[in-house]
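My structure is below; once you've seen it, I'll send some questions.
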Amino acid sequence: MSIFTDVAHQYIDGEWLAGTGSWDIIDVNPYNGEKLAAITVATVEQVDQAYRASERAQREWAATSPYTRREILERALRITEEREKEIVEAMIDELGGTRPKAEYEVYLAKEFIRESIQLAVRPEGRILSSPVAGKENRVQRLPVGVITVISPFNFPFLVTLKSVAPALALGNAVVIKPNQNAPVVGGGLIAKIFEDAGLPAGLLNVLVTDIAEIGDALLTHPVPKVISFAGSDRVGRHVGEVAARHFKRTVLELSGNSALVVLDDADLDYAVDAAVFSRFVYQGQVCMAANRILVDASIAEEFTEKFIARVRGLKTGDPHEADTQIGPLINSFQADALTALVDRAVEEGARALVRGSTRGNLVEPTVLAGLPEDSPLLGQEIFGPVALLVVFDGEEEAVRLTNATPYGLSGAVHTRDVERGVRFAQRIETGMIHVNDSTIGDEPLAAFGGEKASGLGRLNGDATVEAFTTQKWISVQHGRSHFPF
């Protein structure tokens, strides 16, 4: 419990402070309802303090040796490794995810820090040719300045760090606004790691607050130059619109409605394993999760039988228990909304092949089939343990149905013919798609992001450098230019 006591505060200019708002955000364990912390919200004035501190600190940070920046990131990695067990326990308590989910999130977060360590010394300038005699063109890549990171509740430690670590490595300062359901794992815990790693004050700030208190102050403030947002497309649209009006760049990682497609020559047992994981990991509260399981008609009966058997065997319960595979949804609002969504679908004619019950925030898995092609449920993101089985007749129909959604984040296709899978993947309107694997994947060097309503921009590897730096052209005339007057 001490971790929630220690870092459940605002972190502004190197100091742990109480918010100056008039109400508290209550951090609650979604499994047992235990109160983990109460954090008084930050106000508009504290938003300004955080941004001004970042602006001041960033100037000196940008001039600091990249090797010094690298050393701090190396210490942050060591601290993360030393505190891994504590971080995992905090994740289970605050997020309701199972232990394997928490351990995987920390593992991947460490990989992103490792990549950022290299990133600190990687950016290079270029010398470009000029058609003008005697002219030398130098193009430098520079940090943008201050970056705002608005992170989600589902993978808050990972998603926040995959922006924070490279942003700092590249010479920027960062202001984090964690999700209200993950203020510690997605905010204070990360600030504490970097504080203990020796990061100078002001370079990393955490504001735990809400739009009801500060409105759009995080987006409209003149200091931040880039907004890195991960969350729903509804909120993402607003972030993008406001940022654009203020000439700020955005990286928007938004909702998904991924499909896992099982072609007629797939390894069925393996495809079932991938489908169960892709739909039900972290209770389905993953933007890349396979909302839709599309199966060729020739193998649909056998696949469905195997899939249902696996789903019925999933254990729902206490995420601290080693054999639990489905923990609680993040809060009662999500649990109630998901239950009502399933009830309505069944009333409208969907067949419940598996119908899980709801007990508080625990929602057991459900599998629905027989939805009409125009069902709104097939076109939307479902943030919970509900799988939609769709049967298709041939590859052409599979492509059409897979693309029949306003989203395009991730996907997967299963076939014994790898090149057939690649050809299929090339026809899908999505930012990421995986052949013979899960729909869920994230790696430090592979560009991460979506098409259509699933977002704008990319992160990871070279894409992160592009997102968090700007280019400056400096020309040098070694001779003499000739002017027309």
Side-chain angles (χ1 to χ4, degrees), residues 11 13-14 50-51 53-82 108-128 136-149 158-176 190-206 223-228 249 251 443-448 457-476:
Y11 184 68
D13 202 8
Y51 277 139
S54 293
E55 184 180 39
R56 289 192 301 271
Q58 190 273 330
R59 296 190 188 102
E60 185 174 346
W61 183 243
T64 300
S65 165
Y67 291 89
T68 299
R69 299 200 295 264
R70 187 177 69 175
E71 288 174 4
I72 289 176
L73 286 161
E74 288 171 341
R75 289 198 291 270
L77 175 61
R78 288 197 297 271
I79 291 169
T80 302
E81 292 172 334
E82 293 165 1
L108 201 52
K110 290 187 298 182
E111 290 300 308
F112 274 92
I113 298 175
R114 287 190 180 97
E115 174 59 21
S116 297
I117 290 169
Q118 303 303 316
L119 208 59
V121 295
R122 187 184 301 163
E124 299 175 349
R126 293 185 297 161
I127 304 295
L128 302 180
E136 174 188 349
N137 288 320
R138 305 177 187 182
V139 178
Q140 297 178 332
R141 193 169 279 283
L142 305 171
V144 294
V146 177
I147 295 168
T148 301
V149 177
L158 168 63
V159 173
T160 305
L161 271 173
K162 66 184 286 189
S163 283
V164 168
L168 292 172
L170 292 165
N172 300 286
V174 182
V175 173
I176 302 171
I190 293 170
K192 182 63 175 171
I193 289 170
F194 279 97
E195 179 185 53
D196 292 348
L199 185 72
L203 287 172
L204 180 61
N205 300 270
V206 175
V223 166
K225 300 299 187 291
V226 175
I227 312 294
S228 178
R249 288 156 51 182
V251 180
E443 296 184 6
L445 295 180
F448 185 104
R458 297 290 188 271
L459 285 179
N460 304 356
D462 292 341
T464 297
V465 176
E466 186 67 32
F468 294 159
T469 61
T470 189
Q471 295 184 71
K472 175 174 284 189
W473 171 34
I474 299 175
S475 76
V476 179

Problem set entry | All salt bridge (Lys or Arg N to Asp or Glu O under 4.0 Å) counterparts of Glu82, not counting sequence neighbours |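 Expected list: none.
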
Exercise. Who passes side chain to side chain donor-acceptor pair (under 3.5 Å) against Ser116, sequence neighbours left out?
Worked result: none

Side-chain donor-acceptor contacts of residues 71-78 below 3.5 Å, not counting sequence neighbours, with atom names and distances?
residue	atom	partner	partner atom	Å
Arg75	NE	Ala197	O	2.7
Arg75	NH2	Ala197	O	3.0

Exercise. Would a distance-only check, ignoring hydrogens and angles, find a side-chain to backbone donor-acceptor pair under 3.5 Å from Asn205 to Val175?
Worked result: no

Seminar exercise, completed: Arg458 meets the side chain to side chain contact (heavy atoms under 4.5 Å, CB included) criterion, sequence neighbours left out, with Ala447, Glu451, Ala463

Problem set entry | Contacts of Gln118 that satisfy side chain to side chain contact (heavy atoms under 4.5 Å, CB included) - sequence neighbours left out |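 Gln118 satisfies side chain to side chain contact (heavy atoms under 4.5 Å, CB included) with Arg122 once adjacent residues are dropped.
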
Exercise. Who pairs with Lys192 by side chain to side chain contact (heavy atoms under 4.5 Å, CB included), at least two apart in sequence or on another chain?
Worked result: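 Partners of Lys192 under the side chain to side chain contact (heavy atoms under 4.5 Å, CB included) test: Val7, Trp16, Arg83, Glu195, Asp196.
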
For this session: Just jot down the side chain to side chain contact (heavy atoms under 4.5 Å, CB included) partners of Leu445, sequence neighbours excluded, or say none.
Result: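 Scan of Leu445 (side chain to side chain contact (heavy atoms under 4.5 Å, CB included), adjacent residues dropped) gives Glu115.
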
Exercise. In chain order, what residues pass the side chain to side chain donor-acceptor pair (under 3.5 Å) check against Thr464, with sequence neighbours excluded?
Worked result: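 Thr464 satisfies side chain to side chain donor-acceptor pair (under 3.5 Å) with no residue once adjacent residues are dropped.
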
Problem set entry | Pairs involving residues 160-174, ordered by first then second residue, that meet salt bridge (Lys or Arg N to Asp or Glu O under 4.0 Å) (sequence neighbours left out) | Lys162-Asp442

Exercise. Taking only residues two or more places apart in sequence, or in another chain, which ones meet Thr80 in a side chain to side chain donor-acceptor pair (under 3.5 Å)?
Worked result: none

For this session: Go through the structure and list residues passing side chain to side chain donor-acceptor pair (under 3.5 Å) with Lys225, not counting sequence neighbours.
Result: none

Problem set entry | Heavy-atom donor-acceptor pair, Asn172 side chain to Phe468 backbone, under 3.5 Å |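 Yes: the side chain of Asn172 pairs with the backbone of Phe468.
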
Exercise. Taking only residues two or more places apart in sequence, or in another chain, which ones meet Tyr51 in a ring-ring contact (aromatic ring centres under 6.0 Å, His included)?
Worked result: His221

For this session: Measure from the side-chain N and O atoms of Asn137 to the backbone N and O of Ser475, and report whether any donor-acceptor pair falls under 3.5 Å.
Result: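 Between the backbone of Ser475 and the side chain of Asn137 there is no qualifying donor-acceptor contact (under 3.5 Å).
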
